[in-house]
**Q** 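Handing you a structure now.
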Amino acid sequence: MPERSRRPRLVLVDGHGLAYRAYHALPPTLATSAGEPTHVVFGFASMLLEVLNDFEPDYVIVCFDTGRSFRQQLYEEYKAHRPETPDDLKHQLERIRQLLDALGIPIVTREGYEADDLIGTLAARATANGLEVLIVTGDTDLLQLVDEDVRVILPGRQRFGDYRVYDRQAVIERYGFPPERLPEYKALVGDPSDNIPGVPGIGEKTATRLIQRFSSLEEMLDRIDEVEPPRLREALRAARETVLASRRLATIVRDADITLDLEQARFGDFDRERVLQLFRELEFRSLVPRLPQPRQPVRKTAAPASQRRAVLTDADLSDLVRDLETCQAFALDVETTALHPMYADLVGIALATAPDRSYYVPLGHTTGDTQLDIEQVLQRLAPFLRHPEKQRYAHHGKYDALVLERAGFPRPHIDFDTMIAAYLLGENAVGLKELAFTKLGWEMEEITELIGRGKKQLTMDRAEIARVTQYACADVEATYRLVEVLRPQLEAHNQLRLFTEIELPLIDVLIDMEKAGIAIDVPYLEQLSIMLDGQLHALERRIYELAGHPFNINSPQQLSTLLFDELGLPRGKRTKTGYSVSQEVLENLRDTHPIVEAILEYRQLLKLKSTYVDALPRQVHPQTGRVHTIFHQTVAATGRLSSSDPNLQNIPARGELGLAVRRAFIADNRPGYRIADEPILLLSVDYSQIELRLMAHFSQDPALLRAFAEGKDIHAATASEVFGVPLDAVTPEMRRIAKVVNFGIMYGMQAYGLARDTGMSRQDAQRFIEAYFQRFPGVARYLEETRRRAAELGYVETLFGRRRYLPEITSSNPARRQAAERMAVNMPLQGTAADIMKLAMIAVHRALAERGLRSRMLLQVHDELVLEVPESELATTTELVTTRMSRVVELSVPLEVDAKAGPNWADLEPVRVKLSH
DNA sequence: ACCCGGACGTA
DNA sequence: CGTACGTCCGGGTT
């Protein structure tokens with residue numbers, strides 16, 4: 001659309017104002033992987049880029065404050081109580097200056113003036129020269145500058161990146177009076193942050209009323225007898241001089257001693273590469289597409305001058321094979337039709353035999369070009385996929401390997417996975433495109449540029465081969481290069497063993513588990529669904545009856561209106577959007593109205609039904625007849641696995657109904673599906689108290705070590721210690737409390753939480769925790785030492801060197817610092833348990849294969865392994881799994897495991913095995 | 001068609 | 001105001 005001719009436009013940015021606002025408005029969670037805080041720079045940059053894009057200014061200037069301004073000379077107390085700029089903000093202000101420099105935007109400061117005054121002056125000069133002015137700030141004081149030619153842009157209240165533009169009308173709507181009267185308003189109300197006193201008894205409402213009533217402050221003071229109510233008159237009279245002085249302080253200067261240099265302020269051809277370099281250092285990949293387009297279009301490219309070929313003929317294929325024969329390492333990647341590897345069809349294979357030499361082998365494109373026969377490709381490529389003298393690189397190789405295997409290829413062995421490497425290094429974003437940007441400086445084509453998005457998104461097989469070749473080749477080239485960058489970083493972090501002895505070998509184990517899937521009893525779940533339907537309908541009718549009318553029980557909003565407005569029940573906690581109707585709140589309202597009980601039951605039932613009973617049957621794979629979860633290796637901050645599509649790590653385990661759902665997971669005895677021609681059982685083996693045992697090991701606390709060495713019931717033993725009674729005098733109630741404490745300690749729980757969970761008073765809870773630490777002084781020391789180390793290093797680590805970075809561990813905000821401390825205390829325990837389980841899985845996998853057993857692992861639920869086992873192998877497999885699990889590492893305490901077996905996941909009986917310790 | 005908060009399932 | 005996850009739903013926005 002052709003741009004209508006318009007007046008030249010100047011954007012003036014209040015540098016400090018915007019940065020301060022970002023500092024306070026944004027959660028200080030954003031940091032680079034190295035721990036450099038960046039949330040202020042990010043907020044500043046995203047707002048600036050947004051404005052540059054939306055308003056396409058011809059000129060841009062940023063103003064900053066200098067030390068003291070004339071206001072301090074006028075009034076000693078001005079901004080007197082403002083604390084020193086915190087260090088993390090100072091550092092980010094420097095980063096902002098670097099950004100502005102790279103963008104070619106001049107910074108204006110002047111001794112004796114605040115940024116406000118410089119902006120006021122520049123705005124006045126600019127409008128006098130016929131320019132249109134936009135002021136970007138985080139400070140509402142600037143709104144007084146709004147007039148016919150000047151608008152002010154403030155960050156949104158909800159999202160910082162959004163903004164609101166104030167013209168004259170918008171100011172009047174917000175305040176009830178025009179912009180030029182804002183200094184009077186501020187003089188009346190006062191401003192604690194500037195230490196401007198204001199008039200006692202005058203708040204926002206009264207000030208607005210007075211300003212509307214009188215045309216100026218002078219008039220107000222002249223006709224002070226008309227001020228209502230009378231008691232205000234006295235206050236106003238007494239504050240007369242202060243108010244007039246305050247107005248002077250609050251009025252922005254428009255004739256400071258500076259000139260407007262428009263030539264210097266012209267915005268346009270900045271050094272894009274410098275900005276990108278800075279964004280890379282700050283890990284701001286999401287801002288890259290929002291950089292204003294320079295005059296000449298940028299070529300989105302990966303490696304400079306690389307050779308990329310589509311493999312379409314026998315001759316092409318022979319060239320590729322020749323290359324594969326001579327190279328020592330190659331990167332591989334597959335293009336497919338879906339994100340779930342069990343549902344993805346192979347569309348093509350990309351291979352890079354060198355960082356600047358890549359091939360794309362199309363196999364399943366529906367578009368016109370010739371494609372080679374898959375059988376032929378398979379024959380020629382197969383020898384390289386597991387070749388012991390070749391190194392195979394991939395980004396998320398688990399996915400590629402499973403897709404290739406399902407397509408008939410030998411499963412490739414992955415020798416380096418860039419996604420896992422980046423995860424171990426603590427990168428915030430482990431996607432290939434993100435890494436290519438932050439580690440290599442490559443701007444890569446997004447998948448949506450190739451196949452579009454939303455409703456009109458193509459599947460990969462419908463995209464043009466030539467374009468997919470460019471896209472896929474860029475990916476493998478990036479992968480190849482990333483290996484060269486990431487490997488030395490893993491070495492520098494001492495994480496090469498963690499990588500090659502735990503994470504990489506685990507890939508094959510997880511592929512086997514994902515591929516195996518687990519059987520569920522679909523007819524049983526369908527029956528259960530019908531039964532729950534009846535119960536839900538009955539509950540629904542009862543709830544509507546008690547409410548007096550139908551409403552949406554699932555809507556927290558509607559429920560809140562009903563409970564608190566219509567039924568008048570006592571309100572509890574607040575949420576951002578209203579009053580909480582959480583389980584916790586409702587539990588407390590149980591006795592006030594019968595509807596509460598019914599709602600709680602309804603919620604639980606619906607959740608179970610929709611998430612499990614109804615959803616699971618839909619996820620049975622049409623070919624295998626089982627459900628296949630995806631195990632994610634690079635998601636959890638502690639090193640645990642996670643599971644999705646469906647999540648099989650949160651199948652209900654408690655309550656009658658929970659167990660009913662769990663009962664649907666069955667040992668697969670269907671003919672044609674069973675793994676052996678005999679009855680099949682599920683075997684579940686889990687670690688007993690592994691995290692508490694690790695606590696004993698790490699802390700070397702004598703009492704805790706002794707309790708585990710003697711094989712005691714740990715919660716009862718804890719109760720006996722802390723309550724000071726013999727073991728056989730511990731009551732169930734004492735044990736229950738000790739159990740809450742044992743878990744709470746590992747999560748950094750405080751008295752408040754203990755009191756809430758046990759029902760004891762805050763004081764009792766406090767005393768109890770103190771007693772605990774007195775009885776287990778090693779634990780107290782260990783927790784303290786962990787926090788100290790975390791603060792010193794900026795990260796914590798597991799027994800095997802897995803790290804978690806905690807940039808907020810030194811935050812000056814106590815709540816945020818304490819949150820980081822709780823993570824610091826928990827991660828080494830949870831993470832080491834995860835490491836141990838992963839090692840055990842690798843050992844079990846290997847042992848089952850070596851012994852030629854048909855038993856196989858199906859699920860991992862953090863401290864539990866679920867296997868399917870032919871009945872005749874039960875004793876052998878149980879013995880094998882339990883010994884591998886308990887002996888995978890040598891700790892100061894024994895690692896005990898429990899084994900149970902049965903026809904389904906709910907009805908399991910202990911399996912007795914002889915364990916030779 | 002997407003994103004978010006609130007709620008709730010697991011270890 | 002104890003840790004770590006994923007999924008459902010409603011309700012807001014594109």
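Residue numbers start from 1 in every chain, and the chains themselves are labelled A, B, ... in the order their sequence lines are given, proteins ahead of strands.
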**Q** Whole angstrom is fine here: how far is it from CD in Glu864(A) over to C1' in dA4(C)?
**A**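 Checked: the CD to C1' distance equals 17 Å.
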**Q** Quick one: is dG9(B) close enough that its OP1 or OP2 comes under 4.0 Å of any side-chain N or O from Arg654(A)?
**A**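 No.
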**Q** Specify the separation, in whole Å, of atom CD1 of Ile690(A) and atom C1' of dA4(C).
**A**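 These atoms are roughly 15 Å apart.
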**Q** Tell me: CD of Gln583(A) to P of dG6(B), nearest whole Å?
**A**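 Between P of dG6(B) and CD of Gln583(A): 16 Å.
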**Q** Distance-only, no hydrogens or angles: does the Lys838(A) side chain make a donor-acceptor pair with backbone N or O of Gly639(A) under 3.5 Å?
**A**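 Answer holds: yes.
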**Q** Can a donor-acceptor pair be found between the side chains of Gln860(A) and Glu864(A) at a distance below 3.5 Å?
**A**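 Per modelled atom types, Gln860(A) and Glu864(A) side chains form no pair under 3.5 Å.
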**Q** Of all the choices, dC5(C), dA7(B), dG9(B), which nucleotide is nearest to the side chain of Leu608(A) once you look at every atom?
**A**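 Among the listed nucleotides, the one closest to the side chain of Leu608(A) is dG9(B).
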**Q** Is the side chain of Arg662(A) donor-acceptor paired with the backbone N or O of Pro652(A) at a distance under 3.5 Å, no angle test?
**A**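 It does hold such a pair.
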**Q** Do His697(A) and Phe708(A) have their ring centres less than 6.0 Å from each other?
**A**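 No: the rings miss the under 6.0 Å criterion.
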**Q** Where along nucleotides 7-14 of chain C does protein come under 4.0 Å, by heavy atom, of base (B) or sugar-phosphate alone (S), with - for untouched nucleotides?
**A** BBSSS---
**Q** Can you list everything that forms a salt bridge (Lys or Arg N to Asp or Glu O under 4.0 Å) with Glu587(A)? Sequence neighbours excluded, please.
**A**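 Once residues adjacent in sequence are excluded, the partners of Glu587(A) under the salt bridge (Lys or Arg N to Asp or Glu O under 4.0 Å) criterion are Arg590(A).
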**Q** Indicate, with a heavy-atom threshold strictly under 4.0 Å, whether Val635(A) touches base, sugar-phosphate, or nothing.
**A**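 Sugar-phosphate, no base atom in range.
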**Q** Under 4.0 Å, heavy atoms only, any strand: does Glu691(A) hit a base, just the sugar-phosphate, or nothing?
**A**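 The answer is nothing, as Glu691(A) stays clear of every strand by at least 4.0 Å.
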**Q** Between Glu691(A) and Gln830(A), do the side chains contain a donor N or O and an acceptor N or O under 3.5 Å apart?
**A**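 Gln830(A) vs Glu691(A): no donor-acceptor pair found between side chains.
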**Q** Looking just at side-chain N and O atoms, do Asp614(A) and Ser529(A) make a donor-acceptor pair shorter than 3.5 Å?
**A**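 Judged by distance alone, the side chains do pair up.
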**Q** Just checking Ala637(A): base, sugar-phosphate only, or nothing, at a heavy-atom cut-off of under 4.0 Å?
**A**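 Answer is sugar-phosphate: Ala637(A) comes under 4.0 Å of backbone atoms only.
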**Q** In whole angstrom, what separates Leu659(A)'s CG from dG9(B)'s P?
**A**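 Distance, rounded to whole Å: 13 Å.
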**Q** How many Å lie between OH on Tyr612(A) and P on dT10(B), as a whole number?
**A**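 Distance, rounded to whole Å: 6 Å.
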**Q** For Tyr544(A) and Arg542(A), which I'm curious about, is there any donor-acceptor pair between the side chains at under 3.5 Å?
**A**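 Absent: no donor and acceptor within the cut-off.
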**Q** Does some side-chain heavy atom of Tyr772(A) sit less than 4.5 Å from a side-chain heavy atom of Glu721(A)?
**A**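 Contact flag for Glu721(A)/Tyr772(A) side chains = no.
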**Q** For nucleotides 1-3 of chain C, which of its nitrogen or oxygen atoms have a protein nitrogen or oxygen under 3.5 Å away, and what is each distance?
**A**
residue, atom, partner, partner atom, Å
dG2(C), OP1, Arg756(A), NH2, 3.1
dG2(C), O3', Arg822(A), NE, 3.2
dG2(C), O6, Asp757(A), OD2, 2.8
dG2(C), N1, Asp757(A), OD2, 3.4
dT3(C), OP1, Arg822(A), NE, 3.4
dT3(C), O2, Gln830(A), NE2, 3.3

**Q** Atom CD of Gln860(A) to atom P of dC5(C): distance rounded to whole Å?
**A**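 Result: 14 Å.
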**Q** Taking any heavy-atom pair under 4.0 Å as a contact, classify Gln818(A): base, sugar-phosphate, or nothing.
**A**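 Answer is nothing: Gln818(A) stays at 4.0 Å or more from every strand.
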**Q** Arg603(A) CZ to dG5(B) C1': how many Å, rounded?
**A**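 It works out to 13 Å between those atoms.
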**Q** What is the separation between atom CG on Leu605(A) and atom C1' on dA7(B), rounded to the nearest whole Å?
**A**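 Value for this atom pair: 15 Å.
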